[in-house]
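First the proteins, then the strands, lettered A, B, ... as listed; each starts at 1. Fair warning: this is a prediction, and the values are worked out from it, not measured in the lab.
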Number of protein chains: 2
Amino acid sequence: MSSIKEIAKYVGISPASVSIYLNDKNSTRVSAKTKLLIDEAVLALNYHKNVFASSLATQESRIIGIIIPTMLPLFQNDYTNTLLSGIQTRLSAFGYSMLFFPSSAKSSIEIVKEQLEKSAGCDGYILFSTGFCTMDQIRKNITEIEKTGRPFVTLNIPSVPERIHQVLIEGLETASGIPYLISKGHRNIVLLLGRRAGVHARFLKNDFKTRIAAAGIKCDENSIIYGEYDALQAYSAVKEVLETRPETTAICSMSDIMAAAAIKAVQESGRTVPDDISVIGRNNSLHAMLATPSITTIDLNMHQAGLSAANLLLDAVDGNTAPQKIIISGTLIERESVAVR
Amino acid sequence: MSSIKEIAKYVGISPASVSIYLNDKNSTRVSAKTKLLIDEAVLALNYHKNVFASSLATQESRIIGIIIPTMLPLFQNDYTNTLLSGIQTRLSAFGYSMLFFPSSAKSSIEIVKEQLEKSAGCDGYILFSTGFCTMDQIRKNITEIEKTGRPFVTLNIPSVPERIHQVLIEGLETASGIPYLISKGHRNIVLLLGRRAGVHARFLKNDFKTRIAAAGIKCDENSIIYGEYDALQAYSAVKEVLETRPETTAICSMSDIMAAAAIKAVQESGRTVPDDISVIGRNNSLHAMLATPSITTIDLNMHQAGLSAANLLLDAVDGNTAPQKIIISGTLIERESVAVR
DNA sequence: TTGTAGGCGTTATCAA
DNA sequence: TTGATAACGCCTACAA
């Protein structure tokens, strides 16, 4: 409520001196007496610094804009939350705030545009991609964010030729569970994807087909199903595929939540995991650990990815402009949900 | 990067006209020709509005500060995420951004102070409490935030006499699973709490004892255990209590994650849920739905609580100052983890 | 329909 | 050690 001017008036000095002291308590440019008086005034007048005014003057806000092109409510997605958690941990440690923008738009491009529109003043951005984005949209989003002239890092996005700061999650577009299942003797594998639209699905589908073919297995289009990263939808999809493809011996799910739902579906169809059907998940979330049986999964190390993205951005904000790609590898976590065939 | 001045120069008009048009595309105070020229310039110069400058001028930022007094990384807690999701949904719909502040402090009070220190400029705040806060700290945090003179809403906090905007989650300090378990014939119930410190634990413990006593059951101090809202710690605590109190017939957990961990522990001790031991959770998270057996739980309706908190705050920002308390009730979700005794 | 001028709260430069 | 003053980018009277 109160401003630096009022503090100055209260103490009987100029705003400049107040500012100097408040920004550097050890400054030698303010006398000890004055310092005490200022402290007193700050308390008496409930002074709080206005970040916005200060960032206007310094051209630095210590605020990072987080751009997430999704139409769904935030903070509901396991992957995104883990990423955000890593980002927040690092940004917070360096005194940076995170700003999430509103959006009413209906497409990934529109959302990014809308969010960027009112965002000038942020020191940098982290751009997510989500299962909603096509490759084309991702490129456009990058162009859009480049126009701000501010440093940014992309996260959760397929590798892209643009010379930008990028954290890549190895295995995000790889059906990494497949070779493992094959090595365990499975030849009748169902791929449980998340979103139907978006790049991720495209890449994963192709990868799946390639790997299956390489193992000499004939690919059946019906063996690819979709769960929208949602427990209920995954459950239904698995129930259905169990009927149409009773020969299935393994399910490779693109998230632990869908894997847990798959296990439910298998069990309720009267079969057991892993004896009748093996299930592998992805993300190494709590769901994988707590399911019965516990789920063998691939840890994408997304928390680390978040940390790295923040590191990269902070470097860039400090003027380090050489574009870097950081690649985060996944780790296989073997538990109880996969059996040898 | 570019400013309203540059746009004006580019078009050959005054900054005022640009500002007027940009803030009201339908304004009659700017000619159609000029509008087109401005649009062109905006594109050509990659103009993005500086929120900070504009909020300085208007004394309104459309940014809400989110204050969460925790030392743990954000976005990792089921309860908090659900709350945040509700808040974001509503705020976003009304065009408000959310700002998360950094903090390096080691106590709830210090964190709040530190975050508030640089936060002037926000239109309002949402103040969380966490399992780390004692009642005393909560009161101090409220006093602190009141000093900003900005509207704020408290969330996830025990009812407090102060005349403030408050969203109360009914059942947050109530061991609501207890009466249910008693009604099912259980008399040997273990209470699985989260954090040891903090108000919540205190309230819950008292409530538990009262309810147990009312049912004529003698209370055993050993029947109260702690899992820190963490799967691993809850698992160990349950394993242990199963040894020391083999007569236990039911576990009342304060979170679904801990309930799922409890089920694991029970199963691995060679007993079954719910036949040997019943388990009830809280929060109706995905964990409760996906566990085997699925978990009977109490839905605290935290998403709704988040929505309500945002509503309340938005009202307050609009000048509606009459303090309101909104009470969100819980809902019992009966599933498979509780048996009649 | 457009322009001028002052101010929002803070900081930086320069002078006293 | 302190004070004036201008500037950051935008908005709003008011004047033209």
Touch class at under 4.0 angstrom, heavy-atom based, for B/Y47 against every strand present | sugar-phosphate
Output yes when at least one side-chain N/O atom of A/S3 is less than 4.0 Å from OP1 or OP2 of C/dC8, else no.
-> no
Could you list by number each residue of residues 49-60 of chain B showing a heavy-atom separation from DNA chain D of less than 4.0 Å, or answer none if no residue does?
-> B/K49, B/N50, B/A53, B/S54, B/L56, B/A57, B/T58
Examine D/dT1: is either OP1 or OP2 under 4.0 Å from a nitrogen or oxygen in the side chain of A/K33? Give yes or no.
-> no
Donor-acceptor side-chain pairing of B/S31 and B/T34 below 3.5 angstrom | yes
Figure out the CG/C1' separation between A/D123 and D/dC8, and round it to whole Å.
-> 14 Å
In B/I64, B/L307, B/L155, the residue satisfying side chain to side chain contact (heavy atoms under 4.5 Å, CB included) with B/I87 is B/L155
Counting N and O atoms only, with roles assigned by atom type, does the side chain of B/N23 sit under 3.5 Å from a partner on the main chain of B/S19, one being a donor and the other an acceptor?
-> yes
When you compare the protein's N or O atoms with those of nucleotides 14-16 of chain D, which come within less than 3.5 Å of each other, and at what distance?
{"residue": "D/dC14", "atom": "N4", "partner": "B/R29", "partner atom": "NH2", "Å": "3.2"}

Please determine, by modelled atom types, if A/D123 and A/S61 share a side-chain donor-acceptor pair under 3.5 angstrom.
-> yes
Can you sort out the partners of B/E162 under salt bridge (charged side-chain N to carboxylate O under 4.0 Å, His left out), two or more places apart, ordered by chain and number?
-> B/R139
Spatial distance of atom NE2 (B/H165) from atom CD1 (B/I126) [nearest 0.5 Å] = 11.5 Å
Are B/Y125 and B/S119 close enough that a side-chain donor and a side-chain acceptor fall under 3.5 Å?
-> yes
Pairing pattern in dot-bracket form [Watson-Crick, G-U; both distances under 3.5 Å; | = partner strand] for DNA chain C | ||||||||||||||||
Check for a donor-acceptor pair, side chain of A/T134 on one end and backbone N or O of A/V199 on the other, with a separation under 3.5 Å.
-> no
Distance test, side-chain N/O of B/N23 to OP1/OP2 of D/dC10, below 4.0 Å | no
Give every donor-acceptor pair under 3.5 Å between a side-chain atom in residues 97-104 of chain B and any protein atom, sequence neighbours left out.
{"residue": "B/S103", "atom": "OG", "partner": "B/A105", "partner atom": "N", "Å": "3.2"}
{"residue": "B/S104", "atom": "OG", "partner": "B/E114", "partner atom": "OE2", "Å": "3.2"}

For B/S2 and B/N46, does a side-chain donor sit closer than 3.5 Å to a side-chain acceptor?
-> no
Among residues 9-19 of chain A, which residues get a heavy atom nearer than 4.0 Å to DNA chain C?
-> A/A16, A/S19
